Number of protein chains: 2
Amino acid sequence: MTQDVRKIKTERDLQVAFIQLLAMKGFRQITVADICEASLTSRSTFYAHYLDKYDLLDQMVAHYSAIFANRVDMRFDQIIAGDIDDLVAGLSADMAENRWAVQVLFGVHEPEADLQANFRTMLLKKWQNFIAEQVLQTDAPTDLIASMGTSVQMTLIEWVISHDKATLDGVTGVVDTIRKAVLLHLDTKA
Amino acid sequence: MTQDVRKIKTERDLQVAFIQLLAMKGFRQITVADICEASLTSRSTFYAHYLDKYDLLDQMVAHYSAIFANRVDMRFDQIIAGDIDDLVAGLSADMAENRWAVQVLFGVHEPEADLQANFRTMLLKKWQNFIAEQVLQTDAPTDLIASMGTSVQMTLIEWVISHDKATLDGVTGVVDTIRKAVLLHLDTKA
DNA sequence: GTTATAGTGTTCGAAATCCAACATTGGTTT
DNA sequence: AAACCAATGTTGGATTTCGAACACTATAAC
């Protein structure tokens, strides 16, 4: 069941090289040969693991999307409840390992593989469900509020992955203020 | 002639893992299994490349000693001539790739493998040859002067490999002053 | 239009690596 | 002393990777 370490190593090497190249040039400009050369892997081995460079991108985007999906519920509850300190600390910890890759992949926008869009879609669904569960007094457009909440969370995520853990002070206050403003028109009857 | 990339990769992986472990604990405490685990390599493969961990250490020390040997003549001439700026810049460039490994290996002192001692021995021989070629007026103990020159150079090297390139300003003046003092008693007739 | 050129994707025998076993050594515990 | 454990070094068959072809496509160059 557990696979051969050689497979783990080659996939790791190919993915690391791929991210390195993506940090230097656009996805379209990168060739399979580039990836193999940078990772000291033969092309025949590349094709034993992936259909093509699109498949490699797909799998990586799917991988990080899945990791994010596992955390979305927790993070969402935190921002609703106002645990901004915990939220920022948790996000930072989650991203610690994957920071570099996620940051680079956020710059890639292919029709069938867009990590940033995936994150945004997941958050938007959460907001829509959350609002649908409330019993509202307001006549404000709820889709607008959902979009606003999503944007705030995405901006926070992008901030965290592109800034050092040391420079996160002061973030909490800003986020909390905006969070309250977003939730302001969601007064419930209950 | 050119060897299979797989060999290059495994030796690189084993050596990187070895340096990582050496940065954490002593050479004696490190087992072959440790190195293999850290590098995702099987033990049988380790033994296909090295006789044992001592052999691995020997080969690495020999490797960096050889690199250093190729540069000793140039660096020696520079310090005699007083090209301290070029010397520091050149040393820094030489070490750029190997800084981490050399720095860690400088802390390992095994009877048959001691990189720091190798560097020192090479420099000392250079000084002794240099002094022997001079026609001296002085009655100062020349071996002492050779040892002093060697120590100054070793200290400079250790400074360069353990400090960032950005923090090298101010080094030149200090080294040049001491260099003149060391050479002071080597007045020649010619 | 044809001629290069660069990238894609495939194939197959050779080479390297893996894995799981094994015997052996040296030190510790009981 | 005996039993144990951790590490060493070795072996052989299974698996993976490599390297060097090959055919194919698309695009640019002449």
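In what follows, chains carry the letters A, B, and so on, assigned in the order in which the sequence lines appear, proteins first and then strands, with residues in each chain numbered from 1. Only a predicted model underlies this, so the values are computations on that prediction, with no experimental measurement involved.
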**Request:** Answer yes or no: is there a donor N or O on one side and an acceptor on the other, between the side chain of A/Ser162 and the main chain of A/Glu158, under 3.5 Å?
**Result:** yes
**Asked** Parallel, tilted or perpendicular for B/His163 and B/Trp159, by the 30°/60° rule?
**Response** parallel
**Item:** Whether A/Phe119 and A/Phe68 hold their rings parallel, tilted or perpendicular, with breakpoints at 30° and 60°
**Value:** parallel
**Asked** Does anything in residues 99-114 of chain A pair up under side chain to side chain donor-acceptor pair (under 3.5 Å), and if so which pairs, sequence neighbours excluded?
**Response** A/Arg28-A/Glu110, A/His109-A/Asp114
**Flag for B/Thr41-B/Asp13: side-chain donor and acceptor within less than 3.5 Å** = no
**Asked** Side-chain N or O of A/Tyr47 less than 4.0 angstrom from OP1 or OP2 on C/dT10?
**Response** no
**Asked** Between the side chains of B/Gln59 and B/Glu11, does any donor sit under 3.5 Å from an acceptor?
**Response** no
**Message:** With the threshold set at under 4.0 Å for non-hydrogen atoms, list the residues of residues 16-38 of chain A touching DNA chain C in residue-number order.
**Reply:** A/Thr31, A/Val32, A/Ala33
**Prompt:** Listed by chain and number, what are the salt bridge (Lys or Arg N to Asp or Glu O under 4.0 Å) partners of A/Asp73, not counting sequence neighbours?
**Reply:** A/Lys126
**Message:** Walk along nucleotides 16-24 of chain C from 5' to 3' and tag each nucleotide B, S or - by protein heavy-atom contact under 4.0 Å, base first, then sugar-phosphate.
**Reply:** BBBB-B---
**Message:** With a 6.0 Å cut-off (strictly less than), is the heavy-atom count around CE of B/Met148, excluding the residue itself, greater than 12?
**Reply:** no
**Distance-only polar pair, side chains of A/Ser42 and A/Thr45, donor-acceptor under 3.5 Å** = yes
**Item:** Inter-axis angle, terminal five-pair segments of the helix from C/dG1-D/dC30 to C/dT30-D/dA1 [nearest 10°]
**Value:** 30°
**Prompt:** Could you give the start and end, 5' to 3', of the contact zone on DNA chain D for chain B, using atoms under 4.0 Å from its heavy atoms?
**Reply:** D/dA7 to D/dG19
**Asked** Would you say the side chains of A/Arg75 and A/Gln78 form a donor-acceptor pair under 3.5 Å?
**Response** yes
**Prompt:** Which one of B/Thr121, B/Asn118, B/Asn70 satisfies the side-chain hydrogen bond (donor to acceptor under 3.5 Å, both in side chains) criterion with B/Ser65?
**Reply:** B/Asn118
**Asked** Heavy atoms, side chains only, cut-off 4.5 Å: are B/Thr31 and B/Asp34 in contact?
**Response** yes
